[in-house]
Structures are given as structure tokens and as C-alpha cells.
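Not measured: the values here are computed from a predicted model.
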Amino acid sequence: MSGVIFYYDIVCPFAYMSSRLIEAVGRRARVPITWRPVLLAGLYEATSAPQGKKGSALDAMNITRLKIISNDLHRQMYRHGTPYREPSSHPQKTVTAMRLLAGIPDNDIRAALSHTLYRAYWCEDKDVTDVGVLRELAAGHGVDVSPILQSDAASQQLRSNTSEAASRGAFGVPGFYVGNRLYWGTDRLFFVEQQLGNADAGPERLMEPLGPGSADLTFFFDYSSPWSFLACRRLDSVLQSVRPIQVNIEWVPILLGALFKEIGTPVVPAAALIEAKREHLFQDLRDWSEYAGTKLKWPDNFPLRTVLPLRVTLASQCNPQLISALFTAAWEQNKDIGKAEVVSEVLAEQGLDVDGLLSAANSETIKKQLFSNTTRAVEEELCGVPTFQVNRGPLIWGQDKLNIVADMICGWQDHLQAKL
């Protein structure tokens, strides 16, 4: 194995977090990490990102999602013990700093100076657009910035690095290229470790159960979401990992399309993504499907019509076996669960009262309950599903955060709870 190429720009806080973790990955796998600076704005331009080359990825998010993403960033930094101080100016134009890093031929010096520049930006509130600041910081590593910044070679190298990353599917940072695959995001580092030969690598856990106890878990979902399907598939292993804690699950089916409409998200978010990000989304789904031990099949009838199965679920008092069976029908068996005959078939296979549940699903009581659940999701400021809450605590969005959910069940508190 030739190692890992780490694509980064010091302007990105998620790449900053990864910069503090990637070297440990290399040590565990005994492979080198190549630090390859890129210009994030250049990736945005190359991939026609909606925020444009001068914007931030956060600019393209609605306020609800922005709040969730911001909390997730700070939660991850808190978990990893990443020092952080909100910069007084962000985003800064890092083209000069990234040219400097690209112009340093020695990988070890480049990595060391990258750490220094990350600290300057994200901990010390320094102006990394100022050549004087860069000169002072680089001198500490024996680097003279003048000949690097005065030559065209550094600029050409930065453009080359950025083009290379884009050609490999990068649309943002952090990116990790290993085994002819590009992975994106700090929380995908365990996939990188798997590529490096550690088959047991998985999402990081910080806490184990200390003994018997109980916890309440709220699970917002819609059958239209493949990520909700994967969350449902992985939930049993999460519950097993927290034993002997008894987990009481509140299943909350909602109409995801109605939530999206309310908060200003496209009803089919994948269709609105740039091509590179859409391709990554489907590869990411395949990776997580393999990790979950299931064979996800994209439905022919996507986007799914889920009003009927959601109402039937409520009529069954959120029977867990029925929920699992409906997810299976939709995402493994390519069945159109929007059709009454398909739902009837699933109900019959589960030995449930077909006529009684279909009749109840059309009652005003059940219709109002589904509307109420969706309204609750809007009022509690969900941005998508699956979303979890442990003991009515902070919202945790995404099946890729089930490790955090498990830790919270075991008593771990995030940055928001620690302030209380």
C-alpha cells in the first residue's frame, strides 16, 4: 500500500480537524501520509459548486441545516479534543498560504508548517492573508517565503494539486485518496483505515456502558430516505453495544418532503447536487450499505410515495418488525411501498391484520398524527432524517452518527450538554 494522499486547505474547519487525526491513521497502518495542499475555491470553481469560488459551502445551506452542521462540527471537535477559537474573520483568502505550502518540496516540513498555519487560523486568530504573518510562521520551520512566493512554480503546483483532486472526484476538503478511491470527510476516516487493511475499523466510540440503566431514544424517519433505511439496519448492533442499558425507542415517522418544503430544501436533494457530490453520495451509500451488511438497491420508483406506509406504521403503533419489513421491501426488494397491494403483502407476511390496519390508516386520527409528527420535526428544527435524540437531548442527524448516539446512551455528553 502506497499510503494516503491528504487533500486540504487551511480555510476549512473540517480539514483542520482531520489534520490532527490523519497522521495517527498513518502510524497505525504504517504507511506514509502525503500532505497535498489544494485551493478549496478552485475545487468549487472546477465542480461548479452553487456557492461559487468565492463563497463557503455554508452559503448554500438553509438556516436550519446550517445550525445542525455547525453543532455537528463543534460536537466532533469536542469529541476529538480539537483546540478551537472562532476566527474574527472567516473565510479568509488562503491562496497565498496554500501557494506557500505547495511550493515546499519536503513533505515533513510541509506537514509541520500546515499544522502551524492551522493553529494560526483556528486557534490564534491570526491573519494568514498577511505575508508578514506567513513569513514569521514559516521562519520557525526554516522556510524562507520570498523565493517560493516570487516564483511561478508554487502557483503551478497548487493548480496542479487542485486539478488532480478534482479529477479524482474531490468537490471539497478534507479528501483522502487511498487505493484508487477518494473519501471525503473526517467521519469517513475509518473507511480509509479499512482500505489500509484494518477490517475491524469502525466509527469511533468514546464510552462503554458502565452498568444497567435505561435511556430513551427518539428516532425520526421516513421510508423515502435510504439513510433512514441504513439507520434501521444498524440499530440492532447499536442496542447490542450498549447492553445492559435498556433503550426505550420512540419511533417518529414523518413526511420528509413536507419537512423539506417547510425549511427550503429541494424535495429530492440528490437531484440538486453538483455531479461530483452526487457521485460521491451514491458511492457513500454503497460503502455504508456494505458496512451495515445489507444490499441496498436503488428503487425504480424513486422518489418513493410513503404516505400510506407511514400511516399504516402509525396504525400499527410503530411495530418495529413492520418498520423493518417496509424498509426491506423498499430498499432491498425494489417494491413500490406506495401501492396498497404491496403494503398489504408486507402486512400479511408479518402476520398482521391487513384490513384493520389499512382501514385505520385512512382514519382522521392517524392522518392528524402523521401531520403532528411532521410539525414536531419542523418545530424541533430537524433538517432531515434519520435524526435521533437521546433522553430528549441535542438533535443528532445522520446514520453515520450512530456511534455518537451509542455514546450518549452510555452517558457521554456533547459540547452543548457540557455547558449546562
Side-chain angles (χ1 to χ4, degrees), residues 67-81 187 190 202-223 225 227-254 256 259 288 291-294 310 313-314 316-327 369 372-420:
K67 181 178 179 180
I68 294 290
I69 293 295
S70 177
N71 279 333
D72 180 58
L73 169 64
H74 289 88
R75 182 178 295 113
Q76 289 193 59
M77 285 189 168
Y78 183 74
R79 283 176 68 83
H80 294 302
D187 46 14
F190 81 94
E204 184 182 38
R205 288 287 304 278
L206 299 182
M207 285 199 72
E208 298 296 329
L210 301 178
S214 63
D216 296 327
L217 175 63
T218 304
F219 179 7
F220 293 90
F221 69 96
D222 186 346
Y223 296 113
S225 162
W227 303 110
S228 291
F229 160 69
L230 290 173
C232 186
R233 280 292 171 272
R234 296 182 57 210
L235 195 55
D236 280 346
S237 65
V238 170
L239 298 180
Q240 291 173 13
S241 75
V242 301
R243 289 177 178 172
I245 297 174
Q246 177 66 42
V247 181
N248 307 304
I249 302 177
E250 178 193 13
W251 303 84
V252 187
I254 69 166
L256 184 58
L259 171 66
W288 280 106
Y291 180 74
T294 187
L310 290 171
T313 298
L314 288 168
S316 75
Q317 298 183 356
C318 292
N319 182 306
Q321 286 70 39
L322 175 60
I323 293 171
S324 179
L326 285 166
F327 269 124
Q369 188 174 352
S372 177
N373 284 0
T374 306
T375 299
R376 172 182 168 186
V378 173
E379 291 176 347
E380 296 197 17
E381 298 186 293
L382 272 70
C383 71
V385 292
T387 291
F388 305 92
Q389 285 179 293
V390 177
N391 297 325
R392 301 294 295 165
L395 298 175
I396 308 296
W397 176 45
Q399 65 85 35
D400 56 348
K401 303 299 187 295
L402 276 170
N403 58 317
I404 299 177
V405 171
D407 282 342
M408 286 182 161
I409 290 172
C410 293
W412 181 78
Q413 294 185 322
D414 74 356
H415 64 296
L416 297 172
Q417 296 165 311
K419 292 178 181 179
L420 299 178

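- The closest donor-acceptor contact from the side chain of D414 to the backbone of R75 lies at 3.5 Å or more, if one exists at all.
- Applying the side chain to side chain contact (heavy atoms under 4.5 Å, CB included) rule to R243 yields the partners Q240; only residues at least two apart in sequence or on another chain are considered.
- The shortest heavy-atom contact between L310 and P253 is CD2-CB, 3.6 Å.
- Between T218 and R376 the shortest side-chain heavy-atom distance falls below 4.5 Å.
- Atom CG of L230 sits about 9.5 Å away from atom CZ of F327, to the nearest 0.5 Å.
- Of the candidates L256, I323, V385, Y223 forms a side chain to side chain contact (heavy atoms under 4.5 Å, CB included) with just one, namely I323.
- Distance check, rounded to the nearest 0.5 Å: CD of E380 to OG1 of T387 gives 10.0 Å.
- Not a single side chain to side chain donor-acceptor pair (under 3.5 Å) links S316 to another residue, sequence neighbours left out.
- The distance from the CD1 atom of I409 to the CG atom of L217 is 5.0 Å, given to the nearest 0.5 Å.
- Side-chain atoms of N373 do not come within 3.5 Å of backbone N or O of V252 as any donor-acceptor pair.
- Contact check for Q389 versus I396: no side-chain heavy atoms found under the 4.5 Å cut-off.
- Under a 3.5 Å cut-off, the side chain of S241 and the backbone N or O of V238 do form a donor-acceptor pair.
- In this structure a side-chain-to-backbone donor-acceptor pair under 3.5 Å is present from R234 to Q399.
- Taking the six-membered ring where the residue is Trp, F219 and F221 present tilted rings, their angle falling between 30° and 60°.
- Q76 and D72 share a donor-acceptor pair across their side chains, judged by distance under 3.5 Å alone.
- With rounding to the nearest 0.5 Å, the separation of CD1 in I404 from CE in M207 is 14.0 Å.
- Taking OG from S228 and CD1 from I254, the interatomic distance works out to 8.0 Å, rounded to the nearest 0.5 Å.
- In this structure, the separation between CG on L235 and CH2 on W251 is 5.0 Å, given to the nearest 0.5 Å.
- Closest heavy-atom contact between G393 and Q417: CA-NE2, 4.3 Å.
- Checked against ring pair (Phe, Tyr, Trp, His ring centres under 6.0 Å), F220 has no partners two or more places apart in sequence or in another chain.
- Here the shortest heavy-atom pairing between I245 and A215 reads CG2-N, 4.1 Å.
- Heavy atoms only, all atoms of each residue included: F388 and A231 are closest at CZ-CB, 3.8 Å.
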